Amino acid sequence: MATYQALLTLTILLLLNVPLVTPCNFPAIFNFGDSNSDTGGLSAAFGAAPPPNGETFFKRPVGRYSDGRLVIDFIANSLGLPYLNAYLDSIGTNFSHGANFATAGSTIRRENRTLFQSGYSPFSLDVQTWQFNQFIGRSQYVYEKGGIYREILPTQDIFSKALYTFDIGQNDLTSGYFSNLTTMEVIGYMPDLMQRFTNLVKVIYDLGARNFWIHNTGPIGCLPYVLVRVPTVATKKDQIGCGKVFNEVAQLFNAKLKETVGQLRKELPSATLIYVDVYSVKYEMFKNPGKHVCFVGFENPLVSCCGHGGKYNYDVNAGCGATIRVNNTDILLGKSCPDPLKKVCWDGIHYTEAANRFIFEQIADGKFSDPPVPLNSACKSL
């Protein structure tokens with residue numbers, strides 16, 4: 001009976017012209033990006049993300065700028081892999097199933113300013129690429145020493161079989177606005193961003209990568225930190241209250257990124273490059289919040305869960321986890337909301353675990369991908 005049902009299912013799929021794609025069994029993930037996928041890099045380099053970050057799932061801060069897991073965590077879990085350790089984290093790390101080079105505040109092109117001046121990470125995408133290059137050589141050298149190193153480092157063959165994930169670009173757009181550039185000036189440097197991205201993907205390809213899963217950037221005009229910090233541009237809102245100009249710029253970036261990925265497919269025929277439209281998924285949470293989260297729905301999607309004051313519960317000078325000193329006692333000012341599971345935005349900049357779970361569930365089956373390949377089959381092109 002089981003054989004008959006399997007044959008019947010196969011026949012129906014063939015008649016419907018549904019592509020048959022088998023899982024890839026990725027042995028590892030190597031991730032590049034910014035805070036949307038940082039699992040502890042910036043915290044390892046510049047000091048830990050404070051409480052209440054991590055409160056929902058991990059019950060303590062673990063280097064993620066969220067109340068819980070990120071999309072990259074759900075990706076790893078779905079592929080049967082452990083959560084990724086940050087490359088910069090030296091304590092208790094295991095890289096046998098991949099490494100995470102992302103850090104919060106990272107950009108495609110270098111900021112050439114310190115973190116303390118700009119708020120942006122010095123670990124831009126080119127630096128992350130250099131780190132990956134070093135990781136390959138040093139991990140293989142140390143692996144040959146045997147012992148415990150063979151348990152915590154990858155074998156050479158893993159690099160060509162692994163999934164390479166990218167989620168970067170948001171900070172390249174906001175940094176322009178935060179530097180008082182005009183919208184046209186931000187748009188003006190997009191070709192440079194695409195060229196840099198192209199060059200760095202090729203470098204990673206030359207180092208052995210073949211399977212690429214590339215997220216576009218989200219609707220930055222729906223995030224409180226952008227709406228609050230650039231009020232002159234934020235005055236023009238769309239029908240749901242998001243900054244219209246910011247989102248138009250993000251969509252233009254995404255259109256150029258999609259073209260760039262398409263061109264890379266032509267230039268790297270041995271690679272599989274999947275472009276993933278997370279923008280549409282994220283915007284859906286802001287546009288129709290009541291339709292999601294276990295049929296209960298998100299609430300007030302433009303208002304941060306963790307923060308302090310103002311229309312969006314976001315204060316640039318008193319963020320999530322911020323404290324004030326009163327009578328020699330630290331008082332928590334940037335508090336978490338009562339139910340983060342009902343919120344989209346965690347701290348005015350990043351997404352909650354509930355939102356990240358929703359994003360993952362929407363993109364995993366390939367319906368937001370170009371070509372429409374599921375995550376677990378992203379080693380194959382249709």
Side-chain angles (χ1 to χ4, degrees), residues 28-55 58 60-73 76 82-139 142 152-154 164-172 174-175 178-179 196 200 203-204 207 225 306 316 319-323 334 346-351 356:
I29 300 171
F30 295 99
N31 183 69
F32 304 83
D34 52 31
S35 57
N36 288 302
S37 60
D38 179 2
T39 56
L42 195 75
S43 287
F46 290 101
N53 286 291
E55 66 174 14
F58 300 102
R60 62 185 181 87
V62 288
R64 292 157 174 79
Y65 292 89
S66 176
D67 63 307
R69 289 167 290 183
L70 311 179
V71 175
I72 190 64
D73 292 313
Y83 299 138
L84 292 183
N85 287 135
Y87 169 77
L88 294 172
D89 193 353
S90 60
I91 306 298
T93 48
N94 186 319
F95 298 121
S96 61
H97 294 286
N100 194 349
F101 299 90
T103 64
S106 287
T107 50
I108 295 173
R109 66 176 188 171
R110 298 177 205 166
E111 276 295 302
N112 292 323
R113 292 177 291 171
T114 70
L115 176 76
F116 308 102
Q117 292 172 315
S118 67
Y120 290 98
S121 170
F123 303 106
S124 50
L125 187 56
D126 58 345
V127 177
Q128 294 179 29
T129 303
W130 300 339
Q131 291 172 336
F132 175 61
N133 189 10
Q134 288 192 66
F135 177 81
I136 294 175
R138 295 179 65 191
S139 67
V142 176
I152 63 174
L153 293 173
Y164 291 77
T165 52
F166 293 77
D167 194 326
I168 196 165
Q170 175 176 320
N171 294 320
D172 289 279
T174 60
S175 68
F178 296 165
S179 299
R196 290 173 185 268
L200 294 170
V203 169
I204 295 171
L207 291 170
Y225 85 118
C306 185
V316 67
C320 180
T323 60
W346 167 239
D347 57 1
I349 307 171
H350 310 101
Y351 292 84
N356 287 324

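Quick caveat: nothing in here was measured; it's all calculated off a predicted structure. We number each residue from 1, following the sequence as shown.
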Next item on the list: Could you list the residues that satisfy salt bridge (charged side-chain N to carboxylate O under 4.0 Å, His left out) with Arg60, not counting sequence neighbours?
Entry: none
Checklist line | Residue pair Leu207 / Phe132, side-chain heavy-atom distance below 4.5 Å | finding: yes
Next item on the list: Not counting sequence neighbours, which residues clear ring pair (Phe, Tyr, Trp, His ring centres under 6.0 Å) with Tyr351? List them please.
Entry: none
Check: Hey, are Thr107 and Asn171 close enough side-chain-wise for a donor-acceptor pair under 3.5 Å?
Finding: no
Notebook entry, point to check: Strictly under 6.0 Å, is that where the ring centroids of Tyr87 and Phe123 end up?
Noted result: no
Margin query: Quick one: does any side-chain atom of Glu111 pair with a main-chain N or O of Ser121 as donor and acceptor, under 3.5 Å?
Written below: no
Next item on the list: Evaluate the side-chain proximity of Asn356 to Ser66: yes if any heavy-atom separation is below 4.5 Å, no if none is.
Entry: yes
Next item on the list: State which residue, out of Asn100, Ile204, Ile108, fulfils the side-chain contact (heavy atoms from CB on, under 4.5 Å) condition with Phe32.
Entry: Ile204
Note to self: Between Arg110 and Asp126, does any NZ, NE, NH1 or NH2 come within less than 4.0 Å of an OD or OE carboxylate oxygen?
What the structure shows: yes
Check: Can you tell me if Asn85 uses its side chain to pair, donor with acceptor, with the backbone of Phe95 under 3.5 Å?
Finding: no
Margin query: Please identify which of these residues, Leu42, Asp34, Ile349, meets the side-chain contact (heavy atoms from CB on, under 4.5 Å) condition with Tyr65.
Written below: Leu42
Notebook entry, point to check: Is a side-chain N or O of Ser106 found less than 3.5 angstrom from the main chain of Thr103, in a donor-acceptor match?
Noted result: yes
Note to self: Treating Asp172 as the side-chain partner and Arg109 as the backbone partner, does any N or O pair qualify as donor plus acceptor under 3.5 Å?
What the structure shows: yes
Item checked: Side-chain heavy atoms of Cys320 within contact of Pro52, under 4.5 Å -> yes
Margin query: Is it the case that the side chains of Asp167 and Ser37 hold a donor-acceptor pair, with the cut-off being a distance below 3.5 Å and no angle test?
Written below: no
